[in-house]
Each structure stands twice: as structure tokens, then as C-alpha cells.
Asks: 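Below is one structure. I have some questions about it.
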Number of protein chains: 2
Amino acid sequence: MPKQTFFNLPKQKRDLITRLALEEFASHDYHSASLSKIVERAGIAKGSMYQYFGGKKDLYLYLFNLVGQAKLSYITSKVPDPESLDLFSYLKELMMASAGFEIHHPLEYRMGMRVVYGDSPFKEEERQQMKNAVVDFYKGLLIRGIERGELDPDLDVDAAAFLLSAVSLELGSFIMNRLDLDSEDLQSSKIDWEALEPILDTVIALIKNGIARR
Amino acid sequence: MPKQTFFNLPKQKRDLITRLALEEFASHDYHSASLSKIVERAGIAKGSMYQYFGGKKDLYLYLFNLVGQAKLSYITSKVPDPESLDLFSYLKELMMASAGFEIHHPLEYRMGMRVVYGDSPFKEEERQQMKNAVVDFYKGLLIRGIERGELDPDLDVDAAAFLLSAVSLELGSFIMNRLDLDSEDLQSSKIDWEALEPILDTVIALIKNGIARR
DNA sequence: TAGTCATGTGACCTAGCAGTCATATTATAT
DNA sequence: ATATAATATGACTGCTAGGTCACATGACTA
């Protein structure tokens, strides 16, 4: 947790530091990210940073929580109540929102990917737990789908949940490929929401019905 | 490329250095991996390493090529001719071999994952090209599947190829989950080939037929 | 105005890194 | 045995990093 001093800062300064730190941790692994670079860019003294945060790990965890909250609130604001939709429509909305987050919050997205994939102060075990949390979330969805009679009760829920989490993890790069963008373009965030829908329709249809000839 | 001096080394010593370097680069990102640690473990002087390799990047690229070759030769030795099988059987064999590689060559596998996901001396662009190579490979398979009448000609090949590459990227962690293993267990490589088959059957069936009720 | 507490500062510390090089050792050839 | 070339060595350089601290500056109270 940051120290009180950090929260006493004028919002503008706080936000600047947060943004620059996020940029650094979005662009480099935990070990490679540099506090010295951050303070230099922010135009503040190294010592000041240690008035705000306990250290590198403290800053990292603060950003990690920020990213988690940002994603959660973005998703919940975009995705309707799961009870009001059939499973696959809900999945589509969910993944669209997820893709939207990647596009409209590229820094947060890139840092999130590094938490899962790159070096981080988290132990391998904790990292695995995060991935499992995603898989478990999808498992819950699928189980409810079965209970509501939308899915075959004999469906291998674990395998299907794995499939969904694998797709959602890589979805971002597929969308960027298909819209012919790279990470740089994300900043300008002039990607329209409508372009996402047909892509998600296609992907969800594949997950739903498979690749094989019907 | 390593220098001639490296290849003049007695095989035993060469292999030791290679193995220790691979362990280091499998356990840490490019920036965090340490030549000093490698030479210390190998019991040789720092200067010797620079008699063998031009520098850190040279060593890294050497290992990268080794991993690529190891994977390629492993896969081609296990997977039969694509013409002799229907598409989904071939996919199954391919992914089984891929999983087998992960299990029997864990160091090479882990380093490979870091090349794609972690920091590396490759530019973002080159990294993307590697991922694309995988997607393109699957695209080729799918197109041939269509030509042979195994797949619907209206299939969205790009999306399907993305699905396959997403699954194959994450397959390793799913298998480890399902067999209740972690990275450590891989070393002991007493995982039997037979255990893989039912898992792959399940996954391929999902890809083939989808999640939905039929 | 004097005093107190919160905040800001950057020189400084220790540690680890990649990479260098003069020198020592070993192997090979004559 | 001698000369020559190949290989091995580790102290050393230069750099960057995270983290510390005595001190400076500002703000608020009495």
C-alpha cells in the first residue's frame, strides 16, 4: 500500500506519477522496470518516490490493484446481467467488453499481460492462481449453462473452460491482427466498437459450433 | 553464432555450459538472466565465456536456435505424414507431440515460451512474426482441409487458425493442471504418453464440434 | 514570529550486471 | 627443448539499479 503522503498529493501530480509508472511497468518486466527512469520522467527526486511508496514492490502491487479494479469496473459497466442472456450471447458480450478494455486501456492491459506472462514479484504459485481464477470463472458460467439446459450435461467442463480462457487470453492479439493494428495504434483509441462485433460473432460461433463441417 | 573455440571444446564441457545456460534463460527473462551466474555454476571464468560467445545476445540466439531445432526434430519424429490422416487426427497427433515436447524437454519449452511472451532481444515486430508463423502454419492446414473437402469452404480460416494457435499455446498449462503437475515435476519426466491421449481427444473434440449442445 | 511537523531532495551506498584485457596456462609443432 | 599459437583466467571498468539519509524547503499552528 502506498503511504498517506501519496494520497495527500494534488490529484494532478498523483495521476502523473501513476501514469508514468504504469507506462514503465507496461513496457518492461518487473525486474527490468526502473524506478530511476520513472522519477526522472516525472521530474521528481528519487527520495520522494520513497515517501510515497515503500519500494518497488509496493508500487507494483498498487498498480496491479489499480489495473484489476479498472478492468473489473469497465467490464461490469459494459456487460449486462448474465441471467438476462443465453450463455453464448453473454460470452460474446463478455469478450467484447474484454477486448474493449484492451483497446481503451492499453497500458492497463499490457501491464496485466506482463503479470500473467512475464517476470513479476509474484511467486509462480500465485501466478498460477490468477490464471486458475479465470478458468474457474468460465467453469462457473458453463456449469450454470448446463443447469439451465443450454449445454450438454456430459460436457467436459474443465476442458471447455480451458478453451475459453485460452481464447480470451489471445483474443487481443487476434483482434489487433484482424484490424491491422499494433500496440502503438491503441493509444489513439479511435477504434470503433462496431468493428469488434463481427469479429466476436465469428469467434463465438467457432467456439459454439466447432470448426468441423456441420 | 558461437566462436570456433566453443565447438572445439570437449563435448562434455560444451554440453554442461549449454545446459546451464538453457536453465538460466528458461528461468529468467533475457534482461534478468545472468552470465555471471552461468559461469559461476559452470565453474569457468567469465572471460572464457567470451572466448566461446560474442556476448549475451550471441549466447541467447544460439540457445534460441537450439530450441527451435530440438522442437522441430522432436515433432517431425513423432507426427506422421499429414496426407495419411484426416485433419483432426493430424491435429491431435500434432498437439500430442507438442505436449510431449513440453514434458520431455521442459527447459527448451520454458525458454521458448519466454521468447514469445517475455522480454527478449527480439524487437516486438520479430516476436509478432513468430506468433504469426504459428498461425500461418495452422492456416495452411485448414486450407488444405477445405481443399480436401473436410471443412466447410465458408469457414473463417483466420479465426479458426487463431483458435488453434491460442489452444496450442495454452495446452501445456492445461495438461499440467489436469495431470496435477507443476513445472518441477516435468524434470522427472515420468509422465506416460498414454495419459496424454484422452486429454487431447477431449480438446480436439471440443475444437471440432464446439461447446454447444448438438 | 517562533516552532513544529509534513514533504521534497539528491548525493551516496551497496550490489549486480555485461564486457575487457593483460597475463598465465596449456597444447601443438618443429 | 623451444617457439608458437590456442585457450583459460579473474581482477577490473563502467554502468545502472534499488534503497537510504542528513538536510532543505514549505506549510500550518500557537
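Throughout, a chain's letter reflects where its sequence line sits, starting with A, and its residues are numbered from 1. These figures come from a predicted structure and were not determined experimentally.
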Asks: Under 4.0 Å between a side-chain N or O of A:Lys13 and OP1 or OP2 of C:dG8?
Replies: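 So the side-chain polar atoms of A:Lys13 do come within 4.0 Å of the phosphate oxygens OP1 or OP2 of C:dG8, strictly under.
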Asks: Could you check how far CD of A:Glu40 sits from P of D:dT16, rounded to whole Å?
Replies: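 So the two atoms are 10 Å apart, to the nearest Å.
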Asks: Determine, for A:Glu102 against A:Arg110, whether the closest basic-nitrogen to carboxylate-oxygen distance falls under 4.0 angstrom.
Replies: no
Asks: In whole angstrom, what separates A:Met49's CE from C:dG10's P?
Replies: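 It is 15 Å, rounded to the nearest whole Å.
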Asks: Can you tell me how far P of C:dG8 sits from CG of A:Leu16, to the nearest Å?
Replies: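 A:Leu16 atom CG is separated from C:dG8 atom P by 13 Å.
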Asks: Would you classify B:Ser48 as touching base, sugar-phosphate or nothing, given that sugar-phosphate means primed atoms plus P, OP1 and OP2, and contacts are heavy atoms under 4.0 Å?
Replies: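 Base contact - B:Ser48 has a heavy atom under 4.0 Å of at least one base atom.
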Asks: Of all the choices, C:dG8, D:dT7, C:dG19, which nucleotide is nearest to the side chain of B:Thr5 once you look at every atom?
Replies: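 For B:Thr5, the side-chain atoms sit closest to D:dT7.
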Asks: Using a 3.5 Å distance criterion without hydrogens, assess whether the side chain of A:Asp81 forms a donor-acceptor pair with backbone atoms of A:Glu83.
Replies: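 A pair under 3.5 Å: yes.
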Asks: Rounded to whole Å, how long is the line connecting atom NZ of B:Lys57 with atom C1' of C:dC17?
Replies: 18 Å
Asks: To the nearest Å, how far apart are A:Phe25 CZ and D:dA17 C1'?
Replies: 12 Å
Asks: Kindly say if B:Tyr50 contacts the phosphate of C:dC21, meaning a side-chain N or O under 4.0 Å from OP1 or OP2.
Replies: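 For C:dC21, neither OP1 nor OP2 has a side-chain N or O of B:Tyr50 closer than 4.0 Å.
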Asks: When you measure from the side-chain N and O atoms of A:Ser36 to the phosphate of D:dG18, is any distance below 4.0 Å, counting only OP1 and OP2?
Replies: yes
Asks: Look at the side chain of B:Tyr52 and decide which nucleotide, out of D:dG19, C:dG8, D:dA8, has an atom nearest to it.
Replies: D:dA8
Asks: Within the 4.0 Å heavy-atom criterion, would you say A:Lys3 contacts the bases, only the backbone, or no part of the nucleic acid?
Replies: nothing
Asks: Give, for atom CZ of A:Arg178 and atom CG of B:Asp156, the distance between the pair rounded to the nearest 0.5 Å.
Replies: 4.0 Å
Asks: Would you tell me whether A:Tyr109 and A:His104 have side-chain atoms, one donor and one acceptor, within less than 3.5 Å of each other?
Replies: no
Asks: I want to verify a distance call: between C:dT9, C:dG19, D:dT9, whose nearest atom is closest to the B:Ala45 side chain?
Replies: D:dT9
Asks: Take atom CD of B:Gln4 and atom P of D:dA5, then tell me their distance rounded to the nearest Å.
Replies: 18 Å
Asks: For DNA chain D, whose closest nucleotide is more 5', that of B:Gly47 or that of B:Asn8?
Replies: B:Asn8
Asks: Do A:Lys56's NZ or CZ and the ring of A:Tyr30 fall within the cation-pi criteria of under 6.0 Å and 45°?
Replies: yes
Asks: Could you work out which one of C:dA18, C:dT9, D:dG18 sits closest to the side chain of A:Gln51?
Replies: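 It is C:dT9.
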Asks: Select base, sugar-phosphate, or nothing to describe what A:Ile38 touches, counting heavy atoms under 4.0 Å on all strands.
Replies: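 Nothing, no heavy atom under 4.0 Å.
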Asks: What is the distance from OH of A:Tyr30 to C1' of D:dA17, rounded to the nearest Å?
Replies: 12 Å
Asks: Atom CG of A:Leu9 to atom P of D:dG26: distance rounded to whole Å?
Replies: 16 Å
Asks: Counting the atoms with a prime plus P, OP1 and OP2 as sugar-phosphate, which does B:Gly55 contact under 4.0 Å by heavy atoms, base, sugar-phosphate, or nothing?
Replies: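 The answer is sugar-phosphate, as B:Gly55 gets under 4.0 Å only of primed atoms, P, OP1 or OP2.
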Asks: Checking only heavy atoms, does the side chain of A:Lys46 share a donor-acceptor pair with the base of D:dG19 at less than 3.5 Å?
Replies: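 By the distance-only test, yes, there is a pair.
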Asks: Parallel under 30°, tilted from 30 to 60°, perpendicular over 60°: which one fits the rings of A:Phe6 and A:Tyr62?
Replies: perpendicular
